[in-house]
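Beneath this line is the structure, given in structure tokens, with notes to follow.
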Amino acid sequence: MDTIFELIKTRRSVRKYLDKPISRETIETLIEAARWAPSGMNEQPWGFIVAQDKALIKELSDRSIPYIKRLIEKDPKLLRYKRRMDVKDFSIFYHAPCVIIVLGRKDSFAYEDGCAMAAQNMMLSARSMNIGTCWIGMMNVLDKDEWFRRKFEIPDNYTVVAPIAIGYFDSKDAPQIERKPVEFLKYF
Ligand SMILES: Cc1cc2nc3c(=O)[nH]c(=O)nc-3n(C[C@H](O)[C@H](O)[C@H](O)COP(=O)(O)O)c2cc1C
């Protein structure tokens, strides 16, 4: 992969992964990329959970689905996601072999912005290694779930910001998504 612009333009949210593990070294590289993200007042407001255990990733998904269904009932905008929730073996992580959850330290300045920067650094770095990612906002529903917080030993001052599914993919499964022209743009 050549330039950063090429990386930015060819990163796509990947929703079909190969059953091939991500090495510890690669995960460490992704977290190192996240660590170098900018953050308000350089507070570096992030923490990370790395999940690679298949059964645990499945449990994260299975426990998220009932919460997501309740959200769908309340918000008509989400209705288009309703059917997939009942598909047998549906995983909100699309069966990715690795999930890294970026957690934000709530007492830090603008922690959500810093964590989103860290997540994007990870996603672009993954792209540079031909590894696919998808930000799974749906998983935020577990943030207050007692099982989730206890299982992953999450301190009270941390909150879920960016759950990222990560895995190798077949390039024929990479979606092509166009961008609309910018609606509001003015030069002065
Ligand atoms: C905050 C945020 C939450 C997202 N949540 C989900 C999600 O729960 N499930 C999913 O499949 N994609 C999710 N996405 C991915 C978007 O759907 C995707 O980025 C968008 O459609 C543009 O496609 P692209 O990433 O391939 O350019 C999320 C993206 C962001 C930034």
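All ligand and atom numbering here is 1-based and tracks the order in the structure. Along the sequence shown, the residues carry numbers beginning at 1.
Judged by distance alone, the side chain of R149 and the main-chain N or O of K144 form no donor-acceptor pair under 3.5 Å. At distances below 3.5 Å, at least one donor-acceptor pair connects side-chain atoms of T29 with backbone N or O atoms of E25.
Within the structure, no pair that satisfies the ring pair (Phe, Tyr, Trp, His ring centres under 6.0 Å) test touches residues 51-93, not counting sequence neighbours. Within the structure, the ring pair (Phe, Tyr, Trp, His ring centres under 6.0 Å) test picks out the following pairs touching residues 130-174 (sequence neighbours left out): F148-F152.
By the salt bridge (charged side-chain N to carboxylate O under 4.0 Å, His left out) test, E59 is found to be paired with R63, residues two or more places apart in sequence or in another chain being considered.
Taking the side chain as every heavy atom from C-beta outward, K82 and E73 approach each other to under 4.5 Å.
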Would you mind listing each N/O atom of ligand 1 next to any protein N/O under 3.5 Å, plus the distance?
{"from": "ligand 1", "atom 1": "5 (N)", "to": "W135", "atom 2": "O", "distance (Å)": "3.1"}
{"from": "ligand 1", "atom 1": "5 (N)", "to": "G137", "atom 2": "N", "distance (Å)": "2.9"}
{"from": "ligand 1", "atom 1": "8 (O)", "to": "G137", "atom 2": "N", "distance (Å)": "3.1"}
{"from": "ligand 1", "atom 1": "8 (O)", "to": "M138", "atom 2": "N", "distance (Å)": "3.0"}
{"from": "ligand 1", "atom 1": "11 (O)", "to": "R15", "atom 2": "NE", "distance (Å)": "2.8"}
{"from": "ligand 1", "atom 1": "11 (O)", "to": "R15", "atom 2": "NH2", "distance (Å)": "3.4"}
{"from": "ligand 1", "atom 1": "11 (O)", "to": "Y94", "atom 2": "OH", "distance (Å)": "2.4"}
{"from": "ligand 1", "atom 1": "12 (N)", "to": "R15", "atom 2": "NH2", "distance (Å)": "3.1"}
{"from": "ligand 1", "atom 1": "14 (N)", "to": "W135", "atom 2": "O", "distance (Å)": "3.1"}
{"from": "ligand 1", "atom 1": "17 (O)", "to": "R15", "atom 2": "NH2", "distance (Å)": "3.0"}
{"from": "ligand 1", "atom 1": "19 (O)", "to": "S13", "atom 2": "OG", "distance (Å)": "3.2"}
{"from": "ligand 1", "atom 1": "25 (O)", "to": "R11", "atom 2": "NH1", "distance (Å)": "2.9"}
{"from": "ligand 1", "atom 1": "25 (O)", "to": "R11", "atom 2": "NH2", "distance (Å)": "3.2"}
{"from": "ligand 1", "atom 1": "25 (O)", "to": "S13", "atom 2": "N", "distance (Å)": "3.4"}
{"from": "ligand 1", "atom 1": "25 (O)", "to": "S13", "atom 2": "OG", "distance (Å)": "2.6"}
{"from": "ligand 1", "atom 1": "26 (O)", "to": "R12", "atom 2": "NE", "distance (Å)": "3.0"}
{"from": "ligand 1", "atom 1": "26 (O)", "to": "S13", "atom 2": "N", "distance (Å)": "2.7"}
{"from": "ligand 1", "atom 1": "27 (O)", "to": "R11", "atom 2": "NH2", "distance (Å)": "3.2"}
{"from": "ligand 1", "atom 1": "27 (O)", "to": "R12", "atom 2": "NE", "distance (Å)": "3.2"}
{"from": "ligand 1", "atom 1": "27 (O)", "to": "R12", "atom 2": "NH2", "distance (Å)": "2.7"}
{"from": "ligand 1", "atom 1": "27 (O)", "to": "R179", "atom 2": "NH1", "distance (Å)": "3.2"}
{"from": "ligand 1", "atom 1": "27 (O)", "to": "R179", "atom 2": "NH2", "distance (Å)": "2.8"}

